[in-house]
Amino acid sequence: MEPIKIDITILSPVDKVWDYFNGPEHITQWNFASDTWECPSAEVDLKPGGKFKTRMEAKDGSFGFDFIGIYDEIIPERSITYHTEDNRKVQVMFDKIDGNTTKVTEIFDPEKQNPVEMQRDGWYAILNNFHKYVENH
């Protein structure tokens, strides 16, 4: 399957965008696709071979899962490459447009259980939550 690519432009400096994307105290504030979900915990070991784990749960307690990845390459304030437990590759790029504008691009391998459009929409909803959180904090 072809990788999915999404991007968003955030009106904040690249160093802030990087910190908010990778800081566990920030991840729990934006890492969910809708207001009926939450991210109660996040662990990050931001180095090649390091692992991250984010807990995603429906607020009503009906469903939840851990999203786990292993970092392959980290270029501070530029890019992160990791793979998920089922070996799907993900790349996140942080492009400094100017001193107060950053473009974030995510390219990820889709999983096979859900339609591609649904996956794109879900990942984009999370990225859009991130965008709103960064610009408002």
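Fair warning: this is a prediction, and the values are worked out from it, not measured in the lab.
Taking Ile, Leu, Val, Met, Phe, Trp and Tyr as members and joining any whose side-chain heavy atoms lie under 4.5 Å apart, directly or through other members, Ile70 forms no hydrophobic cluster with any other residue. Grouped with Met93 in one hydrophobic cluster are Ile107, the linkage being side-chain heavy-atom contacts under 4.5 Å among Ile, Leu, Val, Met, Phe, Trp and Tyr residues.
No donor-acceptor pair under 3.5 Å is formed between the side chain of Glu38 and the backbone N or O of Glu57. In this structure, Asn128 contributes its side chain and Tyr124 its backbone to no donor-acceptor pair below 3.5 Å. Listed for the Glu111 side chain is a donor-acceptor partner under 3.5 Å among the backbone atoms of Gln113.
Among all heavy-atom pairs drawn from Ala42 and Thr28, the shortest one is N-CG2, 3.9 Å. Between Glu135 and Leu11, the closest heavy-atom pair is OE2-N, 2.7 Å. Across every non-hydrogen atom of Ala125 and Ala33, the tightest pair is CB-O, 3.4 Å. Summarising the geometry of Trp123 relative to Glu106, their closest heavy-atom pair is CE3-OE1, 3.6 Å, with the distance given to 0.1 Å. Taking both residues in full, the closest heavy atoms of Asn114 and Gln119 are given as O-NE2, 2.7 Å, listed atom of the first, atom of the second, then distance. Pro13 and Thr102 get closest at one heavy-atom pair: C-OG1, 3.4 Å.
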For the pair Arg55 and Asp66, evaluate salt bridge (Lys or Arg N to Asp or Glu O under 4.0 Å) and give the outcome as yes or no after the intermediate values. CA-CA 5 Å; Arg55 180 72 186 164; Asp66 291 330; 3.3 Å; yes

Step by step, would you call Lys47 with Asp45 a salt bridge (Lys or Arg N to Asp or Glu O under 4.0 Å)? CA-CA 6 Å; Lys47 66 182 184 203; Asp45 185 15; 3.5 Å; yes

Give the intermediate values and the outcome of side-chain contact (heavy atoms from CB on, under 4.5 Å) for residues Val92 and Trp18. CA-CA 10 Å; Val92 185; Trp18 176 267; over 6 Å; no

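Residues meeting the ring-ring contact (aromatic ring centres under 6.0 Å, His included) test with Tyr71, sequence neighbours left out: Phe52.
Between Trp30 and Phe21, the ring centre distance stays below 6.0 Å. For His26 and Tyr133, the gap between ring centers is short of 6.0 Å.
Annotation: cation-pi geometry satisfied between Lys16 and Tyr20 (NZ/CZ under 6.0 angstrom from ring centroid, within 45° of ring axis).
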